[in-house]
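Just so it is clear: chains get the letters A, B, ... in the order the sequence lines come, proteins before strands, and each one is counted from 1.
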Amino acid sequence: GENVEQHPSTLSVQEGDSAVIKCTYSDSASNYFPWYKQELGKRPQLIIDIRSNVGEKKDQRIAVTLNKTAKHFSLHITETQPEDSAVYFCAASSYGNNRLAFGKGNQVVVIP
Amino acid sequence: EAGVTQFPSHSVIEKGQTVTLRCDPISGHDNLYWYRRVMGKEIKFLLHFVKESKQDESGMPNNRFLAERTGGTYSTLKVQPAELEDSGVYFCASSPGTSGVREQFFGPGTRLTVL
């Protein structure tokens with residue numbers, strides 16, 4: 001089955017700096033890569049996703065890049081703010097197989 | 001529109017007891033998923049319903065776990081008898097049956113502690 005690795009496990013950044021979280025996946029059939037944000041005590045929420053037919057997608061301060069050859073994808077958060085502090089999960093799934101394979105999560109702490 | 005809801009939010013039981021978790025998906029969503037996160041580890045897939053049918057139950061750990069979705073609306077996940085290693089947060093998610101829409105909407109989770 002699909003195996004998703006996520007690094008680093010914890011990331012501290014100064015407010016205003018950028019944060020980057022990287023994930024790798026093992027199954028070349030994977031073609032959908034969502035990122036979920038889970039704030040303390042709340043549910044995981046989708047913040048951005050990318051499909052394998054594009055290499056980059058942006059939504060305001062967040063962006064995701066995908067390298068299919070190397071089987072890795074990354075989340076970029078620019079101009080970080082305290083409300084960006086949360087656990088971020090990357091995931092992968094393949095067409096026709098709805099189950100998401102998640103990474104272990106990354107605790108991002110934005111220091112004011 | 002109400003999101004995915006789960007009940008209870010927390011459950012503390014003793015080893016050997018039975019627990020039933022409930023999930024109410026977003027109204028009209030045909031797809032319903034169960035996931036579990038054991039402390040410090042990844043969120044792991046358990047199973048997937050399409051309406052009332054089990055589409056994929058490859059993630060169910062063993063036969064102590066029983067999931068149902070009678071009528072294709074809410075779902076229950078029963079653990080009987082519970083073991084210590086069953087402790088964790090159980091998430092439910094749902095998604096519409098619309099082709100091409102792959103976003104899964106998560107519930108807040110049920111934190112299960114087995115003592």
> Taking atom CG of Leu100(A) and atom OG of Ser95(B), what is their separation to the nearest 0.5 Å?
9.0 Å
> Which bit of Ser9(A) comes within less than 4.5 Å of chain B, counting heavy atoms only: side chain, backbone, both or neither?
neither
> Please tell me whether Tyr90(B) and Leu115(B) are part of a single hydrophobic cluster in this structure, the criterion being side-chain heavy atoms less than 4.5 Å apart.
no
> With rounding to the nearest 0.5 Å, note down the distance linking CD in Glu57(B) to CZ in Arg99(A).
12.0 Å
> Hey, what do you get for CZ (Phe89(A)) to CZ (Phe106(B)), rounding to the nearest 0.5 Å?
9.5 Å
> Examine whether an atom of Pro44(A) lies under 4.5 Å from a heavy atom of chain B, and if so say whether it belongs to the side chain, the backbone or both; otherwise answer neither.
both
> Do Phe102(A) and Tyr88(A) share a hydrophobic cluster (ILVMFWY, side-chain heavy atoms under 4.5 Å, transitive)?
no
> List in chain and number order the residues that pass ring pair (Phe, Tyr, Trp, His ring centres under 6.0 Å) with Phe45(B), two or more places apart in sequence or in another chain; answer none if no residue qualifies.
Tyr35(B)
> Inspect the surroundings of CD in Glu79(A) and state if more than 12 heavy atoms from other residues, nucleotides or ligands are less than 6.0 Å away.
no
> Would you say Leu40(A) and Val89(B) are hydrophobically clustered, going by side-chain heavy atoms of ILVMFWY under 4.5 Å?
no
> Between Arg37(B) and Lys104(A), is there a donor-acceptor pair closer than 3.5 Å when you use the side chain of the first and the backbone of the second?
yes
> Under 4.5 Å heavy-atom distance to chain B, tell me which part of Gln38(A) shows up: side chain, backbone, both or neither.
side chain
> If hydrophobic clusters are built from ILVMFWY residues whose side chains come within less than 4.5 Å, do Trp35(A) and Phe105(B) share one?
no
> How close do Gln104(B) and Asn98(A) get, counting heavy atoms only, and between which atoms?
NE2-O, 2.8 Å
> Using a strict cut-off of less than 4.0 Å between a Lys/Arg side-chain nitrogen and an Asp/Glu carboxylate oxygen, indicate whether Asp49(A) and Arg102(B) qualify as a salt bridge.
no
> If you compare all heavy atoms of Gly107(B) against all heavy atoms of Arg43(A), which two are closest, and at what distance to 0.1 Å?
O-CB, 3.3 Å
> Are Tyr32(A) and Ile47(A) connected, step by step, through hydrophobic side chains (Ile, Leu, Val, Met, Phe, Trp, Tyr) whose heavy atoms are closer than 4.5 Å?
no
> For Ser9(B), is it the side chain, the backbone, both or neither that has a heavy atom under 4.5 Å from a heavy atom of chain A?
neither
> Looking at Gly105(A), Ser93(A), Pro34(A), which makes the most heavy-atom pairs under 4.5 Å with chain B?
Ser93(A)
> State whether the number of non-hydrogen atoms from other residues, nucleotides or ligands found under 6.0 Å of Lys42(A) atom NZ is greater than 12.
no
> Going by residue number, which parts of residues 12-24 of chain A are within reach of chain B, meaning a heavy-atom gap below 4.5 Å?
none
